[in-house]
J.: 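My questions all concern the structure below.
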Amino acid sequence: MAIHCLRAVPHLSNLKITVSHSLFFSSNSKPKRVFSPIRASMSYEKELAAAKKAASVAARLCQKVQQALLQSDVHSKSDKSPVTVADYGSQALVSFVLERELPSESFSLVAEEDSGDLRIDSGRETLERITTLVNDTLANSDSYNDANLTTKDVLRAIDNGKSEGGSCGRHWVLDPIDGTKGFLRGGQYAIALALLDEGKVVLGVLACPNLPLASISGENQHTSHDKIGCLFFAKLGAGTFMQPLDGSSPLKVHVSATENPEDASLFESYEAAHSLHGLSSTIAKKLGVKAPPVRIDSQAKYGALSRGDGAIYLRFPHKGYREKIWDHAAGCIVVTEAGGVVTDAVGNPLDFSKGRYLDLEGGIIVTNQKLMPSLLKAVKESLEEERASSL
């Protein structure tokens, strides 16, 4: 039986006709621009405005918690990764703000956290603390200081994130704190929010409270005096912009135009547990990259790459790990709208329409359009050598 996605059609004055196109690569071909059928879509202006507000408010809560991190704020999830009061509070705030700003729309949120641990007796004190933090953050905001959430309101807001996503309708995708380990050690983290429409990422926002506004490339190492706190945002067909988290004027950004791999710098995950550093090193050598890798946590890497701080990002998870859509959705559109390319290890575009997980071939590679063919070749050769050595 065929299943069709149905949605009410808005008034024609709100429609924007766009031609959706993207670049596809394979390891043995040159880049080809493939055009999908012309489709009518909303301009997503109000959705982007709501997403920027939601991520910015959540960032303020996260900054407050990180500055006064207490041992009791850290819990352990079943997968052994740490989760903090800020994780839950950030998700509750984003959920609240999106519903408040977009009251007429059906609301679906695919997010990392759920409230299970907060509903048992041992989680009661933590829930109270989250609720206090959420309300303090709202009280200090310009737009939501009239709100006062109860613990039940907070639990409901967190559990809005239980949607499974998919290819029908609209779904917000959220990682309330991407890079939890970086957050705990005072490093990089991001509030990563994206919107899927019929399975396609149509907008994304990355709030990166600890990322310097100045470049973090090897030649421009930042100092403690540099201003920090970046908000990256992108909308389908409109480019990528960066502005300070304090709300100053945005600046349009673009990925590095580097064509020579020897001049390229490479980003990878800070934690060796998150990505195979040895494989990335092999690929970099084959490609001719001379600079040492820049290792930072979270989707802040996507933001930095979108403004040209580096030219390549490699992520090769350990065997058995499945990538979640909230780990890449916002970062993906931030880079692609800045002129970059995001694919799996064999050149396929990332597919966010299959639910909460990404089905990938090998890993994720990100670069500009000129470097992608040679990068794919180096990745293919390195993976083949790795398989041969394991026989």
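These figures come from a predicted structure and were not determined experimentally.
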J.: Any idea which heavy atoms bring C230 and R307 closest together, and the distance?
T.: SG-NH1, 3.7 Å

J.: If you measure from NZ on K152 to OG on S115, what distance do you get to the nearest 0.5 Å?
T.: 13.0 Å

J.: Verify side-chain hydrogen bond (donor to acceptor under 3.5 Å, both in side chains) between S141 and S143, making sure each step is shown before the conclusion.
T.: CA-CA 6 Å; S141 68; S143 302; over 6 Å; no

J.: Not counting sequence neighbours, which residues clear side-chain contact (heavy atoms from CB on, under 4.5 Å) with D146? List them please.
T.: R100

J.: Counting only N and O atoms by type, is there a donor-acceptor contact under 3.5 Å from the side chain of Q63 to the main-chain atoms of A58?
T.: no

J.: Considering residues at least two apart in sequence or located in another chain, which fulfil the side-chain contact (heavy atoms from CB on, under 4.5 Å) criterion with D153?
T.: L149, T150

J.: Looking at side-chain heavy atoms only, is the closest gap between R170 and Y44 below 4.5 Å?
T.: yes

J.: For the backbone of L305 and the side chain of D309, can you confirm whether one donor and one acceptor N or O come within less than 3.5 Å of each other?
T.: no

J.: Between the side chain of S353 and the main-chain N/O of G199, is any donor-acceptor distance below 3.5 Å?
T.: no

J.: Walk me through whether S95 and N160 qualify under side-chain hydrogen bond (donor to acceptor under 3.5 Å, both in side chains).
T.: CA-CA 7 Å; S95 174; N160 276 340; 2.8 Å; yes

J.: Please report the shortest heavy-atom distance between T258 and S256, naming the atom on each side.
T.: OG1-OG, 2.7 Å

J.: Taking the side chain as C-beta and beyond, is there a heavy-atom pair between I228 and L211 under 4.5 Å?
T.: no

J.: Could you check whether any side-chain heavy atom of Q91 comes within less than 4.5 Å of a side-chain heavy atom of V94, counting everything from C-beta outward?
T.: no

J.: Does the side chain of V366 reach to within under 4.5 Å of the side chain of I312, using non-hydrogen atoms?
T.: no

J.: I need the C208 SG to L245 CG distance, nearest 0.5 Å.
T.: 8.0 Å

J.: Give me the atom names and distance for the closest heavy-atom approach of L193 to A54.
T.: CD2-CB, 4.2 Å

J.: How close do A311 and T367 get, heavy atom to heavy atom, and via which atoms?
T.: O-OG1, 2.7 Å

J.: Taking the side chain as C-beta and beyond, is there a heavy-atom pair between L174 and V110 under 4.5 Å?
T.: no

J.: Would L196 and V202 count as a side-chain contact (heavy atoms from CB on, under 4.5 Å) if you check the C-alpha gap in whole Å, the side-chain angles of each, and the deciding distance to 0.1 Å?
T.: CA-CA 6 Å; L196 299 182; V202 296; over 6 Å; no

J.: Does a salt bridge link K377 with E381, judged by any charged N lying under 4.0 Å from a carboxylate O?
T.: yes

J.: From L109 CG over to I158 CD1, what is the distance, rounded to the nearest 0.5 angstrom?
T.: 11.0 Å

J.: Can a salt bridge be assigned to the pair K235 and E337 using a cut-off of 4.0 Å between side-chain N and carboxylate O?
T.: no

J.: For Q66, check side-chain contact (heavy atoms from CB on, under 4.5 Å) against everything at least two apart and list the hits.
T.: F183, Y189, N210

J.: Closer than 4.0 angstrom, basic N to acidic O: yes or no for D121 and R124?
T.: yes

J.: Is the shortest side-chain N to carboxylate O distance from R356 to E112 below 4.0 Å?
T.: no

J.: The criterion is salt bridge (Lys or Arg N to Asp or Glu O under 4.0 Å); which residues satisfy it with D114, sequence neighbours excluded?
T.: none

J.: Against the six-membered ring of Y357, is K324 placed for a cation-pi contact (under 6.0 Å from the centre, within 45° of the normal)?
T.: no

J.: Any heavy-atom pair between the side chains of V201 and L195 that's under 4.5 Å?
T.: no

J.: Could you go through E101 and Y144, starting from their C-alpha distance and side-chain angles, then the distance that decides it, and tell me whether this counts as side-chain hydrogen bond (donor to acceptor under 3.5 Å, both in side chains)?
T.: CA-CA 10 Å; E101 294 292 326; Y144 313 109; 2.6 Å; yes

J.: Quick check for you: to the nearest 0.5 Å, what is the distance between D351 atom CG and K200 atom NZ?
T.: 6.5 Å

J.: Are C62 and I191 close enough that some pair of their side-chain heavy atoms sits under 4.5 Å apart?
T.: yes

J.: Less than 4.0 Å between a side-chain N and a carboxylate O, is that true for R156 and E99?
T.: yes

J.: Test Y88 against every option in I177, V154, D117 by the side chain to side chain contact (heavy atoms under 4.5 Å, CB included) rule and name the one that passes.
T.: D117

J.: May I have the step-by-step check of side-chain contact (heavy atoms from CB on, under 4.5 Å) for L231 and M242, ending in yes or no?
T.: CA-CA 6 Å; L231 184 72; M242 181 192 78; over 6 Å; no

J.: Give me the atom names and distance for the closest heavy-atom approach of N368 to L371.
T.: OD1-N, 2.7 Å

J.: Within the structure provided, determine whether L314 and F267 are in side-chain contact (heavy-atom separation under 4.5 Å).
T.: no

J.: Between T137 and L133 (side chain of the first, backbone of the second, donor and acceptor by atom type, cut-off under 3.5 Å), is there such a pair?
T.: yes

J.: Identify every side-chain donor-acceptor pair in residues 327-336 under 3.5 Å, counting partners at least two apart or on other chains, and give the distances.
T.:
| residue | atom | partner | partner atom | Å |
| --- | --- | --- | --- | --- |
| H328 | ND1 | Y302 | OH | 2.8 |
| H328 | NE2 | E323 | OE1 | 2.9 |
| T336 | OG1 | C332 | O | 3.1 |
| T336 | OG1 | I333 | O | 3.4 |

J.: Under the 3.5 angstrom rule, does the side chain of N348 hit a backbone N or O of D344 as a donor-acceptor pair?
T.: no

J.: Evaluate the side-chain contact (heavy atoms from CB on, under 4.5 Å) criterion for residues N140 and N145: first the C-alpha distance (whole Å), next the side-chain angles of each, then the deciding distance (0.1 Å), finally the verdict.
T.: CA-CA 6 Å; N140 289 315; N145 51 20; over 6 Å; no

J.: For residues 285-292, run the donor-acceptor check on the side chains, cut-off 3.5 Å, and write out each pair with its distance to 0.1 Å, sequence neighbours left out.
T.:
| residue | atom | partner | partner atom | Å |
| --- | --- | --- | --- | --- |
| K286 | NZ | E385 | OE2 | 2.7 |

J.: Please name the pair of heavy atoms, one in A147 and one in L138, separated by the smallest distance, quoted to 0.1 Å.
T.: CB-CD1, 4.0 Å

J.: Hey, are D159 and R119 close enough for a salt bridge, meaning a charged N less than 4.0 Å from a carboxylate O?
T.: yes

J.: In Å and rounded to the nearest 0.5 Å, what is the CG to CG distance from L203 to D197?
T.: 9.5 Å

J.: Test Y313 against R315 for side-chain contact (heavy atoms from CB on, under 4.5 Å), laying out the working first.
T.: CA-CA 7 Å; Y313 167 34; R315 180 178 170 92; 3.4 Å; yes

J.: Counting only N and O atoms by type, is there a donor-acceptor contact under 3.5 Å from the side chain of S90 to the main-chain atoms of D87?
T.: no

J.: So that I can tick it off, tell me whether K301 and E268 are bridged by a salt bridge, with the cut-off set at under 4.0 angstrom between side-chain N and carboxylate O.
T.: no

